Structures are given as structure tokens and as C-alpha cells.
Asks: 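Have a look at the structure that comes next, please.
Below, read A as the first sequence line, B as the second, and so on, with proteins coming before strands; counting in each chain starts at 1. For clarity, every value in this text was computed on a predicted model and none was experimentally measured.
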2 protein chains.
Amino acid sequence: MKFNKFDKLWCIKEDQFNVNNNKYYEGIFTQGNGFMSIRGSFEEGINDAPQDEEYIRMPANVTLETARNPRSKWGTYVPGIVGIHPLLKEEIINLPCFLEVILCFEDEKLDTERCEIEEYTRWLDLRDATLNRIFIWNTKCGAKLELKYSRFISLNDKNICAQQIKIKLLKGNGKLKINSGINGNVRTNGYNHLNNIEMSFTDEKDVLVKTTTDKGDSITQISSTQSMNGEAWDEKLGTNVAFLESNVPMNENEEITINKYNILITDRDTEKDLMLTKGMELLKRAKESGFDKLYEVHKLKWDEKWENSDIKIGGNDNLQIAIRMSIYHLIRSNAEKDSRVAICAKGYAGEAYFGRYFWDTEIYMLPYYIYTNPEAARNLILFRYNTLEGAKKNAKHYGYNGARYPWESSVTGEEQCPLWQYADHEIHVTADIAYAIWHYYMATNDEEFMQNYGIDILVETSRYWIDRVDKNEKGYYELLGVMGPDEYLPLTRNNSYTNRMVKFNLSKTIEYIDKIKKSNVDFYISIAQRLNLRESEIENFSEVQAKLVLCYDKDTEIVPQSEDFYKYADLDFLTIWKDRSKPFGHFISQEKNYRSKALKQADVLELMVLFQKEFSREQIIKAYEYYEPITTHDSSLSAAIHSIICCWIGKEEDTEKFLNKAIDIDMSLEKKGAEEGIHIANCGGLWQLVVFGFAGLKSPMDSEELKFEPKLPKSINSMDFSIIWHNKSYNVSINKDGYEVKAK
Amino acid sequence: MKFNKFDKLWCIKEDQFNVNNNKYYEGIFTQGNGFMSIRGSFEEGINDAPQDEEYIRMPANVTLETARNPRSKWGTYVPGIVGIHPLLKEEIINLPCFLEVILCFEDEKLDTERCEIEEYTRWLDLRDATLNRIFIWNTKCGAKLELKYSRFISLNDKNICAQQIKIKLLKGNGKLKINSGINGNVRTNGYNHLNNIEMSFTDEKDVLVKTTTDKGDSITQISSTQSMNGEAWDEKLGTNVAFLESNVPMNENEEITINKYNILITDRDTEKDLMLTKGMELLKRAKESGFDKLYEVHKLKWDEKWENSDIKIGGNDNLQIAIRMSIYHLIRSNAEKDSRVAICAKGYAGEAYFGRYFWDTEIYMLPYYIYTNPEAARNLILFRYNTLEGAKKNAKHYGYNGARYPWESSVTGEEQCPLWQYADHEIHVTADIAYAIWHYYMATNDEEFMQNYGIDILVETSRYWIDRVDKNEKGYYELLGVMGPDEYLPLTRNNSYTNRMVKFNLSKTIEYIDKIKKSNVDFYISIAQRLNLRESEIENFSEVQAKLVLCYDKDTEIVPQSEDFYKYADLDFLTIWKDRSKPFGHFISQEKNYRSKALKQADVLELMVLFQKEFSREQIIKAYEYYEPITTHDSSLSAAIHSIICCWIGKEEDTEKFLNKAIDIDMSLEKKGAEEGIHIANCGGLWQLVVFGFAGLKSPMDSEELKFEPKLPKSINSMDFSIIWHNKSYNVSINKDGYEVKAK
């Protein structure tokens, strides 16, 4: 395979190995193609990092927990393949690892930490999504080997992952032992979801592993290892491990190339009885194609992706690589055409949050897809349609009609969050989904989607809301016992964000019903029948919509986070938050936090980003100046939103500060945010910051035309990107002097 | 042994066996002597009720959970012998069962459910704390046996439990097989805390079981089984089971008496190396004494107890037996002289709440001990002194100075409650302990206790409070984020009960410091040095005490449960609570509950009981009329308090209604409240209802004289009881015409 020429604006690079950074790179180097994702672990693993340790990860605040598996965590994930945990409910399953290739030279085992390694370099090339590693190994016996690793998960053939290792003996002679196979000694957050692992070999000496999960899913993995030199391979079986072994005598200057082709098929994508046949066929074709051909078709697909998705940033290389990293992970983690799954909070690059789905999808990630790949956006929203029954069950569980989307969604839409304060009270997610539907609809005019799916969600969520409100003495409706986006106040009264979103949800339900009614009465009747929708219900929607409380303090011009916000205690941040490199939450008990004014993240400011047109510049400035000093930014959802706000109100310094904060969330080697997975919502947040913030794209909810109001911060000279608006593609070029939009 | 003559006012009786009631009787028939408690399970167990099933009891709301082990639950508990659970933290350990005696006649195993049983009767005699069972067994082979069982846990010899079984063959001939031993196949809430169970036999054919718990405690149990007929016993060992077997040929009219003497010793009461020797000695003495002698000395101790504790009720037999049941369990569950433990929420008669200590001890149970057994009361409070270090750790954990008592206390005083809403926010327990200290002090004048222990607790808790308050804009202090006694509102502002109790705590700290200062400056200095007490701190105590908010609505004359109480939603109880035989909590989600006005239990009314003098009759009436209709009484702590309130304000019908509700909590065979253990707080509540309610005893905090203001409800003609006041005993006789108090 011919490597792309290294380009620092396209590659994330590790210059030298340090075991303390290993888990970080495993996270940020995660590869995938939507169907599967695999963390960037070494083919040979690292020492003293067992992957089958049993423990219980408690469902605690992820920001504050101490993670297990400190040196290395393997991860092979297929969205939708989930297991059942007695305490944690549903979680994504970490499947057997088929990357494993262990090398020994003259009985010295290759271990990047323990061996003498020089000229080490590893990089993820975002253009073609290949992970590459090159280094020199000076063995104890005096030999010198040059090793070159490359691997990719095919974007063209979703079930295939290909690896190549080139080994050149630069100096000395000796015997190279190669062990290549599949290792099933893995756990998910310390738990074993693999009920049965059947290890064998095919007639063609491929390693074959059939796994059954505790939820009953079947997974077939087949690995073929080939060396161009045609060595003999011995079959070896261990506990949950099957591999091929070859002992190759090498002479100075001799070179060996190992190609490994891995197939992963599940009963979610292929009928169970056909899995093996299909897998063997795919493997046969892969072997026939060979590594280079597989790479070529894979690369073409990535070229297409970048053609629609890339954002060129002039002047700010940090942002340039970060935005490409973000877009890469947004592409890599999304099962584009599969609406049975969405994107989990860690983007299938780790096991924190157990692979569940949050509001992150709709509010943070979805805009990227709406404007670059509307089909993918549609499927993400269809996931919520496909889980509508689960949402109805949730509503019923709480004693309400309609649909109540879960704070942490399972693949069936049922609530998975084991902590009641979030599960019970962070109810805005239901309205966020309605907002996302409308956003998608306004950007695409996808009437077919609205008529067949969108309206169902709008009506069912509205049914929930009219049950969830309480009527106060004055005849107004209230939402009590609410946790807003700020998760540091669990039970507030009339959270402004939530109330406004619910009003939006109800009003768009009414608006769309009105629209169908006016355009085609017969069709309206058929929809009303399908949804068992009565006029009295629609009147209720209107009544609650009109009389739902929205708080505003006219004297201070501040939108209160909640009606009771001013009653919480003031905190002395300077005294409490002694080390700002650590989350605020480290320095205060949850108990004290829950009675004090200390925001975890943007709340009113998030509202202002979503409803830009409703708030004056002065109101936004007042809100920023009131809330930001008491915001801890302990959530990764906070920085990008704050940067957008600062950009809009012209606070240049703070714009850059929060931009860099958002970049650092996953890019900072010091913070190591990517260890437990990618903060994929922040990836979407960064994209929004660039497009809605710096480029100033007007939301299709506020503007029928494609309109920009660019406000480039000092560090950025120019931006070039593509955008899809009402089903047409445009190239957008922005520089300090103005901007240009051209139809593609 | 000569049985007491059966007396329905002294005995709780089961007239016929019904397996659905089995667990209820196991609970209510629990026997004990403070050192150990054992549930009232059959000697032979019942079929299809394995005691070693493994499961995890989740730390949920006990009122609403579905209990495991539905047919039978054995329980052998020693206060202080606790284990460590990975999820549930500390819990009491259910120890191996030494009661087991299994009988087979001609290969038919005695099983009360499956065999043909007639004339069945079982009763717990509260006078001598013996559990008795008599029935006729018609065997399949046509024989007829009469069986008489008796057992007691000696109140004289704390390590001894004695059993007797008399078997008379009324008809037929055949072989009786007796298996008698110790069974270690037990679990605590589904968890195995017994790391090592060593089963053997002594030279004298006693079954010897040495157990080590997962916390490292050692327990030695020895059982000697003797039959007067001198049968041969074979030693048998099974998995965690050791027993003796004898096959006895019986002829018509022959009678066999089996005596079983059981010793239980732990390393908490005896040095580890001496346990076996002491156990063998005790067993030897028990065998020499014989069952009847052991019984006699045991009975004498109970006579003494009843002499000081009994309350004779004229006219209301239900209350008569219920109050005696309550007093029995208060005596039986309390380790009188051991201040290293207190009384757990289920009175060591079950495993709900995991054997932990709540405010129940101080506010519900303690008064009984203060007025009948001050030494026991002192030791209960000393438990809080002994766990002061744990309370300091808790305070530190939350970032505060001083001592913060845990909502659910371990034996070391550390917080065990795994649910944060209680652990973090139900803070009143700390002030409740200060209240209890003052109550004890006022009733006993125990200056020595105050000087050496009480003042330490008062000062350390006050230190916590001045850190826990928030100062509002007007300069007043507030307690935010508080769950009051009403556990259906987790995060309220300025809960009246809590704020008043905290004010009391601070004021009594100041008062007692002042008192010592005035009486003996040198002594004061020594105490100030011991506690590192500074004048500025005392000023802070005064400042916060004086300016702590107490809410009161002058217009409605209602004491609000909390400052924000009126902001919660109103509920339509009639629509929601469809079946009043079930807790309200069954019909509403916690989410909805937490934002609505629906009290779990007395909150403001509890405050009014504790501070009777501060509230006018009108205020109490207003409070009762406002709160009672929105109170669900889902907590067992509610009924007795409501009955006291009703008694005071002259609502006769409601007094009786709540009296009967309180009686039913454990006495009702239909409700089966005692299945998972005794509601021991309600036992104390019933006692308070009789003494503070009906007899109208004035609190020593309000009155220096022993004063009564009797208000006998219609159903009660007279009451006679003893009471200790300022170290003197009095006999109190009350009837409809008046009352008489005589020094004993």
C-alpha cells in the first residue's frame, strides 16, 4: 500500500511512545465505518494490561469517576450489539479482538514499552482513516528490525477490517515467531457479556470465532493471516483464544509482509444461518483483492465523504486538525443507513456511558448531518421513530400518556439511566427530539418524512407534555421537578430551557397538524385515524402551549435559568475551586452543589443558541455576564456553545478561549479526554461553532434563504466548506472581507 | 417445663398453619435477649424454601419493593456482627441456624404444609418470651403423634438458646428418625457473608460450627442434642451442614423428649482464643442445669423486665396485646449494656434496611428506655458518642467541620445509605440526636453523661450546622436542599422540622456551655481544651441559632412544611389512590411524587409532638387539617404520631383510627407487616402514644414535675404502668375519672 504523504493538517500523530498516553491514543485513534468501530490498540497489546479483569463499573458521574484498565483498553464495537447487565441495564458489548498479531524475535517478545524502540511514530490519517505505525526494534540479541503497521476498516465493505505489517531485518539474523489470531478474553466495563465463544479453524486455516452474547445475538469473526513468503502456520487454541503460529528464519535485509483480513458479521446485519457462508465469501474476495485493492476502494469512499464534509480553515492549524478530527469521528461512528441505532455518547470509541444514546445526538451532532448528509440525518431521527414504542412505555411507566423519550436510550428506546435524578427529571430530551425533527424538516423540506414519521413523534410527545404539566393557581401551566441542561440542579421549577423547548414542541405539533389539515383534509383524516387524534386533544395542546410559564426578569433583563434559581445559595468559586485544571465537581460534594448556583454547563445560553432570533444582543450579553462566571464547564457540552455565544456578542477573547477549550476536550494530550472514548457531542459542537458561530449560518427555522453572517475570530483568516440547503449543495468561502456562496 | 397458662392478653397466637402467613409469624415471633435475635422459623423448616438462594437485594424503597424468599426466611442475628457487601455497603449477617431439628416417622418427613396436621396451635408468650407449638401429626402409615415444641433465648445467659420437643406416639408403632444440628446454608438478603464455615463434632457429640465472616469476625456455635431416652446419635456432615442422627423405634403411648442446648459466642463478646473453652463451659453448665432450670432463671429476668415495663390497658384488648408485643420487642432487640450497637430499623427480626441504624432510635424508641430503663437509654445515646468519629468523617466527606450523623449508620457511624437523596439531604438526624441527648438529660439529670459525652456531641454537631447553613441576602441563615421527615420531597428549602431541630441543637449547646461556665470555670476550661472550643465558635453558634429562618404563615396560621411547600403541585388523591389497602407510593411514580404535595409521613406534626409547648391548640388543629388529608402514611412512623396529635386536639374518632393503624402495622395478619422484621420504631411510637398521648405525660423539657394530662380515648377505661422520673420509680394509674401517681 502506498501511504498518503504525511500532512500535519490531516494527521493526528504520536511522536513517541509513553504508556501514560496509551489509552488516550487508543481512544482518539479509533477507526470505524459506521457498522463497526475499533479502538487504536497495538496489535501486540502492552504488558501488564489484562483485558479480562472482572469488575463493576458503577453508574456514577463519568466526569468524576476513576476509570479502570489504566494502561490499555481494547474495544471492538458494533452499534446495536448490546448486552444486559444486572445493575447497569443495557450496555454496548466489547467483542473479541481480531487485531492481535504478536511478534517474537529470538524469543524476545515485541513490547513497545519494554523493548528498545527507536524512531517511533504512529499516526491516524484522517483522509483515508488508516492507522499507521513505524519504528525500529533493537532486539536484545543485537538484531535491528524495521516495522511498518497499517490498518483500516473498510468504508466500502462494512464487514472487513484489513491489516498489514511489514517487517524488515536491517541487521542480524534470527527467528521471527508470529502469532496471529482472535482473542476473546475481553470484558465490557469489567463485565462478561459473551455467553459462549466457540473457537476453531476453517479448512483454509482461517481463525473462526462464533460468539453468542448474553442477549442472544450471534457474532461470527473470521481472520485470515497471510504472509507473502508463504510460511507454514500452526493452529493453536487457548482459553477463548485461537491463533496461527509461524516461525520464520530471517536473514539480514530480508523483508516479510503479513496481511491479515478480518471479517465481522452479526445476526443484526445477516440472517443467522447465512452468516458463515457470507463471511467465508467476503473473506475469499478480500484475499483475492489483496490489501492494496481493498485499500483503494476504501480510500475512494473516504474521498467522497471529505468532498462533502471537509472544512478548510485558514490561519488556525489547531482548529483545522480538530475540526477534521471531529468530522472524521462523526463519519466513522455513524451507521449512516441503519436507523435501528444512533450515535452513543462516546462515539463507539469507549465504554463510558455504556453505549447509550442521549440528547447529544439531536442537539449537538445532528446539525452536522443535516447540512452534509441529510440521509444520515433522516436515519438518526428515524431511530427515534423506531424507538417510539419504547418512549411510550417510558411514559406509561411514569403514569403518563404519549411518548417520553429516555434520558439514556437503549436500542429499543427504553430508559437505561440508573440514576433517578437524570432519568426522572431531565425531561427536556423529549422536546429536544421534536426540535431536531423541525430543524431537519426546515432544512430539507422532507414532507414525506414528516407525514409518515415526524408527525407521530410530534403528537405523541405533545400528549406526554400535557400530562406532565401542572396547572397553578393562576391557571398557568408549570413544569415542576425539572433538571435542565445544567445537571447541577436536579429539581427546579420552570426551567427556562425546558419550558421553551416544550412550548416549541407543542406549537410545531399544532402548526404541522394545521398545515396538513389545510392542504389536504382527507390526508389529515387518515393521519388523525392512525394516531387516534381527537380535536379536544389538539385544543389541549394549544391551551398548554399558550399558558406554559416562561420566566423573565424585566428589571435585570435576565432570563432566569429557572423560576427558583435566585433562591439557591451563592458560592465562593475562588475559595472552592482551587485547581482549575480539575473539574469543579472534584471540589464540592454533590449535596452542596445541588443547593447552590454553580452551573455544570450552558443552560440559558444553550436556549439562546437554539432560539437565536428570540433574544436581543443585550439579553444575550446580560445572560452571558450573569451565568458564565458561575458556570463550571464540567460538561463537554459547554465550551462550544459558550464560544458561539461569545462570537455572536463580539467577545473576541472569550470566543478564542472557549474555542480552544472545545478543541482541547479530545485533542489535548495533557487532558487525555479521549481515553474513555470520543466526546462526540463536542465534535458536533465544534462543527456548529464553525458553521453557526464563525460562519454565522442562519437557521432554516429563522430564515428561508441560505444566509451567513460571518464573524471570523482573529485567529482565522478564511474558511471553505460545502453545505446542503434544501437539497442543494453549495460551496461556501469566507474570509475577513466577506463571503461567497456558490451552487455546486 | 411447665407452660404459663395461656392468656390472650399476653400471647400472640397462630391458630392454624397457612404457608402464606409463615413469613409473618417468623417475623413477629422473633425471640431474643439483646445479644442475639432469632426469627420464629420452624425447627424443621418448610418445603420449597431454600435459604441459600443468591440474589442482590437492591437498596430501594423498602415500602415498595417485592421481597424475596416468599415462603420462609430464617434469621439469626447478633447486633454488631456485620458484613461488607460490594453494593449495599455494611449489613447485618444472618448466621448459621442452630434451631434445626428434622423429624421423619417411617420415612415420612414432618412438614407442616404437606403432612396431615390437626389441632395446630403456636404462640409466643410475651411474659416469658417462649415460642410454643403443639399439634397432632397423622402420618401416612396411620400413626398419630402429638408434638410439643418450646424454645427460648435465655435472658439470663446471653449466649444460650434452649429448645425442647416432646413427641408422643398416640397411635401405631414405627421408627422415628431425628436429625438435629446446625445449618450454615444461609444468606443475608441473598448474599453470602460467611467466608469460612468449619463443621465438626466435639468429643461429647456436640455439633461445633466455627464461622468467619467476610469482615473477619469469628463466631462459634455449639449445639448439644439430648434425648431423655438416651438414644445413640450418629454424626453426619454435609455441605455447610452438621447434624446428629438417631433412629428411635417407638411403640404406642411412648413419649420422647428432645432437649437441644445451643451456644453462640462471637469475638465481639469473648476473646477469640477463649471462645471455644467458654462455649464448652457454658454448654456443660446448660446440660447440667437442664431445660427446666434454664427456663426458671430466664423467666425470673423477664418477670423483672415486665415489672418495670408493663402497661395494663383496661378496655382495649387489641391495644393491650399490641403494646405488650411492642415492649417485648423493644426489650428483646436491645443490647441493654452494650453501647457499641443500637437498635436497627427492623429490630433484628429481618434483613430489610440491612440492619442499619436510623433516627428511629432517638426519636421513636428512646423515650421508652428513658422512662423504664435509663441505663439502656444512656447506652443507646453512648452509641452515638462511640460513633462520633464516624460522624466526623461523614462531615468531612461533605466538606464540613464537626460531626454529621449518617442517615443510615454503620456500627462505626459512617453513612451506609446508598441512595443519595436520603444520605445527602435527610440531615435532620444529626439534630435529632442532640434532641435525644437533651431529652435524656432532662429526664435523668445525668450530669456525668453530659460532661463526658453529651457536650462533645452537642459541640461537634453545632460545628457541622454552622457550616451547613447558607446566609441569604437579608442576613438570615437558611437550610437549603433538605429532605425533612417527609421523604416524598427530597430537596426543600427551610424545612420547618429540620430548622427548628437545628435551632434546638445550637441553643442547647450554648445553654450547656453557659451552664458549665457559670458553675465551674476550671472545669469549663478543661472541656474547652478537650474540644478545642473557641469563643468565636460559640458566638457563631449563637449567631446562626438566632438568625436561622423559621417559617410561619400568619394569614393561614399554618406552619409550612418548608418555605417552598406551597409551590409544589396539588394532587387529586381520589383519582390516584385507587386502592387504599396499598401504599400510595404504588400508584404514583417517584418523579411525580417528588414534585407534589403528598406527605409520606408526619413532618410538621412530628415537630409539634416534639415541641408541644410551642404550638397553640389552634395551630395544631390547623396543621392537622391541612396536612393530614395530603398525608399518605406510607411510612410506619406516621400513624402513632397522628394519633398523639388527634388525642391532644380531641379528635376522638381519628385518634382511634390512627391508633388502630399503628397497631396493625405489625399485628395485622392481613397486612403482614412483620414479614421482613418488626417495625420497631412504631413499637416505640405506640408506647409514646400511650404515655405521651393518652396518659399525657409532660416532657421533662417542658415540666420539672412529673405531670400527666390524661385523655383516654373511648375504647380505653384505664391504664396502669410504671415510670422512672429523675431516677425515681412511680406507679401511675389512670382511669376515666382521673389519675394517681405513687412512688414505688
Side-chain angles (χ1 to χ4, degrees), chain A residues 55-56 58-61 86-87 394-400 404 415 418-427 467-473 477-483 489-494 563-564 566-572 575-576 586-597, chain B residues 55-56 58-61 86-87 394-400 404 415 418-427 467-473 477-483 489-494 563-564 566-572 575-576 586-597:
Chain A
Y55 56 88
I56 293 173
M58 293 304 288
N61 185 330
L87 293 173
N394 292 331
K396 210 174 165 191
H397 164 76
Y398 286 99
Y400 305 117
R404 180 195 197 280
E415 182 62 78
L419 298 171
W420 65 264
Q421 65 267 43
Y422 308 105
D424 290 1
H425 299 281
E426 203 159 357
I427 54 174
D467 266 13
R468 178 58 176 78
V469 293
D470 289 302
K471 198 170 188 171
N472 69 16
E473 286 165 359
Y477 293 95
E478 304 195 304
L479 284 163
L480 306 179
V482 169
M483 179 186 270
L489 288 181
L491 290 171
T492 68
R493 265 204 324 273
N494 294 313
E563 193 191 314
D564 54 353
Y566 70 100
K567 289 280 194 177
Y568 288 88
D570 293 310
L571 286 178
D572 179 0
T575 320
I576 297 170
H586 270 295
F587 300 96
I588 191 170
S589 67
Q590 175 181 289
E591 176 264 296
K592 190 162 181 171
N593 221 342
Y594 276 6
R595 62 179 158 93
S596 305
K597 294 191 196 93
Chain B
Y55 56 87
I56 294 174
M58 293 302 290
N61 185 330
L87 292 174
N394 292 331
K396 210 176 165 188
H397 165 77
Y398 287 99
Y400 305 117
R404 179 195 197 280
E415 181 63 78
L419 297 171
W420 65 264
Q421 64 267 43
Y422 309 106
D424 289 2
H425 299 281
E426 203 159 357
I427 54 175
D467 267 12
R468 178 59 176 78
V469 294
D470 289 302
K471 198 169 187 172
N472 70 16
E473 286 165 359
Y477 293 95
E478 303 196 306
L479 284 164
L480 306 179
V482 170
M483 180 187 268
L489 288 182
L491 290 170
T492 67
R493 266 206 321 275
N494 293 313
E563 192 191 316
D564 53 353
Y566 69 101
K567 290 279 194 176
Y568 288 88
D570 292 311
L571 286 178
D572 179 359
T575 320
I576 298 171
H586 271 294
F587 301 96
I588 191 169
S589 66
Q590 177 183 288
E591 177 263 297
K592 190 161 183 172
N593 222 341
Y594 276 6
R595 64 181 157 92
S596 306
K597 296 189 195 91

Asks: Going from NE2 on A:His397 to CD on B:Glu591, what distance comes out if it is rounded to the nearest 0.5 angstrom?
Replies: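 Spacing of NE2 (A:His397) from CD (B:Glu591) equals 9.0 Å.
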Asks: With a 4.5 angstrom heavy-atom cut-off, could you sort out which part of A:Tyr568 is near chain B: side chain, backbone, both or neither?
Replies: backbone
Asks: Between NZ of A:Lys592 and CG of B:Asp470, what distance do you get to the nearest 0.5 Å?
Replies: 7.0 Å
Asks: What's the spacing between B:His425 NE2 and A:Arg595 CZ if we round to 0.5 Å?
Replies: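 Answer for the NE2-CZ pair, B:His425 versus A:Arg595, is 8.5 Å.
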Asks: Parallel under 30°, tilted from 30 to 60°, perpendicular over 60°: which one fits the rings of B:Trp420 and A:Trp420?
Replies: parallel
Asks: In terms of heavy-atom pairs under 4.5 Å with chain B, which of A:Arg493, A:Gln421, A:Arg468 leads?
Replies: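 Most heavy-atom pairs under 4.5 Å with chain B: A:Arg468.
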Asks: Looking at A:Tyr594, A:Phe587, A:Tyr400, which one has more heavy-atom pairs under 4.5 Å with chain B than the rest?
Replies: A:Tyr400
Asks: Side chain, backbone, both or neither: which part of B:Glu563 has a heavy atom under 4.5 Å from chain A?
Replies: side chain
Asks: By a 4.5 Å heavy-atom criterion (distance strictly below it), what part of B:Pro86 contacts chain A: side chain, backbone, both, or neither?
Replies: neither
Asks: Do you know which two heavy atoms are closest between B:Ala569 and A:Leu480, and how far apart they sit?
Replies: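 Where B:Ala569 meets A:Leu480 most closely, the heavy atoms are N-CD1, 3.6 Å.
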Asks: Does a sphere of radius 6.0 Å around OH in B:Tyr55 hold more than 12 heavy atoms from other residues, nucleotides or ligands, not counting ones at 6.0 Å or beyond?
Replies: yes
Asks: Might you work through the side chain to side chain contact (heavy atoms under 4.5 Å, CB included) test for A:Leu87 and B:Leu87, ending with a clear yes or no?
Replies: CA-CA 10 Å; A:Leu87 293 173; B:Leu87 292 174; 3.2 Å; yes
Asks: Please classify the contact of B:Lys471 with chain A as side chain, backbone, both or neither, using a heavy-atom distance under 4.5 Å.
Replies: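 Neither part, no heavy atoms under 4.5 Å.
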